[in-house]
Amino acid sequence: MRYLLRRLVTSLVVVLGVVTITFITSRLVPSDPASLYAGPRARPEQVERVRQELNLDAPVVNQYASYLTDLATGDLGVSFATRRSIAADLVQFLPATLELALLATGLSMLIGIPLGVIAAGRRGARTGSKASKARRQRSDAGIRLFAVTSVSVPVFWTALLFQMIFAGELDLLPLSGRTSSSVSFREWTGFFLIDSVLSGSPSNVWDVIKHLMLPVAVMAAYPLGLTIRLIRGSMLEVLGEPFIEAARLAGIDERTVMYRLALKNALAPALTILGLTFAYSVSSAFLVEAVFNWPGIGRYLTDAIVRIDFPVITAAALVITVIYVVVNLGLDLLQVRLDPRVELD
Amino acid sequence: MGFRRLLAVAMGLSLLATACGDSGSDEAGSGGGRFVYANPFPISDLDPSSAFSSENVVLQNVYETLTTYNPPGASDLVSGALAESWEANDDATVWTFNLREGVTFHDGAALTAQAVVDSLQRTIDLDLGAAFILLPIDSMEAVDDLTVQFNLAYPAPMDLVMSSNYGVYIMSPEAVSQDDAWFNEGNEAGTGPYTISSFTPGESTVLTQYEDYWGGWTDGQIAEAEIQLVEDPVLAEQLVRGGDADFTYNLPFDSYDALSSEDGLTVVRAQSMTNLFGLLNHERLSPEVREAMVLSFPYDDVVESLYGGESSRAQGIVPQAVWGSSDSLTLPETDLARAAELISAAGAEGTEVTYSFDAGTTEQQQIGEVWKTNLADIGIDLVLDPLTFDARWEIAQADPANAQDVFTMFWFPTFVTPYDFLFSLFHSEDAPFFNLGYYSNPEFDTLIDDGDAVSGLSPDEAADLFTKAQQILIEDNAAVFMLDVPNTEVISSDVEGHVANPAYANVVRFYNLTR
Amino acid sequence: MGGPVASSSARRGLLPGLATPTPGSAVWYYRRSPLGLLAAGVIAVFVVAAVAAPWLTPFADQGRGDAELPSRLMAPNAVNWLGTDDLGRDILARLLFGARTALIVAVGVVAAAVIIGVLVGAIAGYFGGWVDEILMRITDTFLAFPPLLLAVVVAAALGPSLRNTIVAIAVSWWPWYARQVRAQVLSLRERPFVQALQVVGVPTRQIITRHVIPNAMTPVWVQSTADLGAAVLTAAGLSFVGLGPRPPTADWGVMIADGRQFVLSGQWWIAGFAGLAITLVALAFNLMGDVIRDVTDPKTRGNL
């Protein structure tokens, strides 16, 4: 309980820290938010009036204080560039990013965990001839190389490559966007996979899936490499422990040893990667979203950065941080429940 | 699992995609009267009184103005839209517009003179966006139900003003009383042929026919138009190629040749009223250096290579598509030898010259890079300084002596008149506003002010004065006049009726289309 | 915090698999690790390219940014081995000068992050108490920042330039080093030789800089090798969204961004080679990091 409280306080401090840092950095920018708000070709009187309206002529400390007060009441303010409510924008853009990030996380787990286990198994190969051992160890090396490659490729380049191949050359998948322009359905949740199913039309669902394929695949590459490396490492550590040795000596077959005993124990510490992968996907989404014209929070953020629209930058950073912190907090707690070796505090 | 297995799985997945791929790809096809506009710029403000950028793509279909500016080739500059006729007094200070009968707003209200007055007053009161074009108005009155009279504080061409892309849209009395939030939720009440049926910020705007449009409807017209945000030119190109979009622009200039040979697509090459130039800082650059800058600019290279021959070299500061422009001005040619002489005579070798441009704007950046290559040959180091426009503007307005040396920017007229370019960019200013080369020449000021005063009554006489003024700018090396930005569009070939009008660049009037 | 020390390095994908001990010396190990050698080779080529760029190409001016419009968008050929970009510049020359940019950023980021991180970590670990508490709370705040986000925000705030890219990334990276060094110092502090130095009356500053920090550096060197690759990758990402060095400085991320529009029309070589360069360099540093980690930490020794 004390642990939980302490973690909650730390998380709050972190969120406050993020808000403060983005607020401060946004004030360092050489730009005039008032003239951004007033629009192109605004006359000096107009800009001055806007400056007063937005309280931009107040001392920075006061602006910071009033910003925090607004935040505390759930008011994220309005965009200086579009004058739209940021909260409304976020509600609209966030599901698109979450849908991508969740699917990418799922995909990387689905492929990454088995590959990690296989690699660890091959690495610690004990049975068979010398030649077969060497062969098996080579496949461990192969998987490791695959893993390290997928964390070394720039995601926006993979995106481009995939677009060139699957959308350009082969013309199999759509180049970008969430749906074809002719497809429309009621957006109940903002998660198009769910919404299209609710629409009851299989062709809608298929359209949504086709649009998801490339961005999800691209986004999953980095977390996939991460997952393989971490699962493999965690497995090898467990495999080195005495109880595994004992199980093997007792004649329990290798499959049971690997999946029943080792993986079960290796999975708990590896849980953190789930959070990491997801959080990484959310915060690196801007690179993928830029290439696939994906109307998510990442693109919302980069658009704001290009225009130096700092209420939006701060709010988007805040939301991403909250997701990140909450996911990590949740997983840490879950890990404590699952893994008796991790002690409270 | 070995790599071969992995590869096999990957191939299997792609085969699956092929197998199912054909079922859904052609849905966008003919669709009967649906039109998809791939819009490279976001719709960020739907308030007709304050919108001041690419929103006109939507607004021009939903709202109407009193007059419209005619495409090139017409005998008159403007035609009536909501106004059927108009007249001005002898010194262009009192203008009377007679409105069309039987026009209704989308909320059912009838168009009245009072609605016009209230709509324009809303723009004046909000004082945002293009509100400044209404500054000449001293008072407005609804003389009767269908007659509006403007009393001006000084002469102004109100027929041209009322054809502007911004700030002069007429809306229903109900809409006048709403705030910008109401409009930006996708609400509207104009008189135009289309209504907004859905608006998703950052994604798309869907327009559908307004049944009671005063112009009436016939078969084959566009029933529904979607304006879809596609910021990435690469994607926009792919969408029009694949038939998923019917129209786009702002593509890489190298693309158009390939697209024009594509079946089902037509490339429309039109003029625009937007130009690109670099204002030379008169506080920091000596006349010799300014002249050398002008002579070192790669005019032909830029037009031929960077714009793939789509653009044309600027003939002074007023674009060719604007009335009152001139094609008889004496222009400088690229002459590196002469430029080098000037620099060495001035002892200016090794000078650093800063080139301020819009971050992320490829054309401005590449022009800077090519120019930099030329300038390096004559001993000038051009330093490229990318920033957002408002950051650049703030620096430029602060202190001319410490500001940029070259301020590169695009400009378009808020309503069509040479005076917009000449006045905004070169008229003497007490404090810098858009004259960011800090140019000041009383003789020039007088010429253009006189030209403006007569432009409502005698455009020809005004044009002469503006031409004289432009020649002075060239002789003074006030700026580097780079190019008139090409307005090249791609549209599906099965759609007829699109006319590219430079005054409303990239606006597609869906009402005029049939497919 | 539970877990973050292990997970923090994993955040950037740099945590190698922990392997069971295998007997053998470092030399034996290298002999059994052809990939490690290959990685070393790629890194050597990268460094030579960066340092000697002007002498390795006849198109050094183009590498620095000079346009050559008549030869724009040429496919790879006998003169321009890897083709030219849309301003007619030789791609190979741009890659070589881009290596220079990448190397400066990578070394700059890691050096800055190491210096700040080591100082903060050493001070916090050595003094403990409220100093430790305050410094580590600050560190945790930075650690909890979503990866990339801080770099993007800072780069946007500072404006595009090489120096700012370095600052932006370093600001978000130093906490990892701070945590690592602190953990090392915490245990060093209790070691007899440090306590002996204290008793003898050696000035604290000297103890920290001469004795504590040098002994705490091993994990830092291991981490920083892999981080060099991650820095190249991150900087490329920033450049790709327009937060990179000023034009016309050659930069791999910018080359991908610029080359993008030409990829679908068949002119793949601008973005293609730049992406390949980033991948190879990042891969080489990551592999190298694994190798060094395995060599220095007998517990994790395993074959690649």
Side-chain angles (χ1 to χ4, degrees), chain B residues 40 232-242 250-259 262 298-308 334 354-377 381-388 391-392 395, chain C residues 59-75 84-90 93-94 97 152 155-162 164-165 238-251 253-268 270-271:
Chain B
D232 187 344
V234 179
L235 303 178
E237 183 179 340
Q238 199 67 11
L239 290 178
V240 289
R241 274 176 188 276
N250 200 44
L251 296 180
F253 295 103
D254 293 295
S255 308
Y256 291 115
D257 269 341
L259 283 170
E262 190 97 344
Y299 300 98
D300 294 339
D301 288 349
V302 165
V303 168
E304 288 309 317
S305 297
L306 297 186
Y307 281 85
T334 311
T354 55
Y355 173 90
S356 168
F357 72 101
D358 293 323
T361 308
T362 317
E363 295 96 324
Q364 292 186 10
Q365 179 185 319
Q366 293 197 331
I367 284 170
E369 290 181 75
V370 176
W371 196 8
K372 181 186 171 76
T373 309
N374 275 5
L375 283 168
D377 289 345
D381 182 16
L382 192 70
V383 178
L384 274 54
D385 192 14
L387 285 170
T388 62
R392 298 169 59 209
I395 294 167
Chain C
F59 303 110
D61 284 345
Q62 295 174 19
R64 289 194 192 90
D66 275 9
E68 184 60 43
L69 291 175
S71 63
R72 62 195 298 268
L73 294 176
M74 306 255 252
T84 59
D85 68 9
D86 53 337
L87 288 183
R89 296 178 293 216
D90 183 64
R94 295 294 281 173
F97 279 83
V152 168
L158 297 177
S161 83
L162 207 55
N164 294 345
T165 306
L238 291 186
S239 310
F240 182 74
V241 292
L243 298 171
R246 285 173 187 218
T249 311
D251 181 278
V254 172
M255 287 174 81
I256 297 184
D258 288 350
R260 237 187 107 202
Q261 64 172 58
F262 301 103
V263 164
L264 287 172
S265 48
Q267 289 132 331
W268 51 270
I270 307 171

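Just so we're on the same page: letters track the sequence lines, and every chain starts at 1. Hydrogens, waters and symmetry mates play no part in the numbers below; they use all other heavy atoms, side chains included.
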ask   = Of the backbone (N, CA, C, O) and the side chain (C-beta and beyond), which part of Arg260(C) lies under 4.5 Å from a heavy atom of chain B, both, or neither?
value =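 Backbone plus side chain of Arg260(C), per the 4.5 Å heavy-atom cut-off to chain B.
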
Looking only at Pro252(B), Ser305(B), Pro233(B), most heavy-atom pairs under 4.5 Å shared with chain C are made by Ser305(B)

Heaviest contributor of heavy-atom pairs below 4.5 Å to chain C, chosen from Val383(B), Leu384(B), Leu235(B), Asp301(B), is Leu384(B)

By residue number, those in residues 361-377 of chain B with heavy atoms under 4.5 Å from heavy atoms of chain C are Gln365(B), Gln366(B), Glu369(B), Val370(B), Lys372(B), Thr373(B)

Any non-hydrogen side-chain atom of Leu69(C) less than 4.5 Å from a side-chain atom of Leu306(B)? yes

By salt bridge (charged side-chain N to carboxylate O under 4.0 Å, His left out), Glu304(B) pairs with (sequence neighbours left out) none

So for Phe357(B), is it side chain, backbone, both, or neither that comes closer than 4.5 Å to the heavy atoms of chain C?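 For Phe357(B), side-chain heavy atoms alone lie under 4.5 Å from chain C.
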
In terms of heavy-atom contacts, Asp385(B) and Arg246(C) come closest through OD1-NH2, 3.4 Å

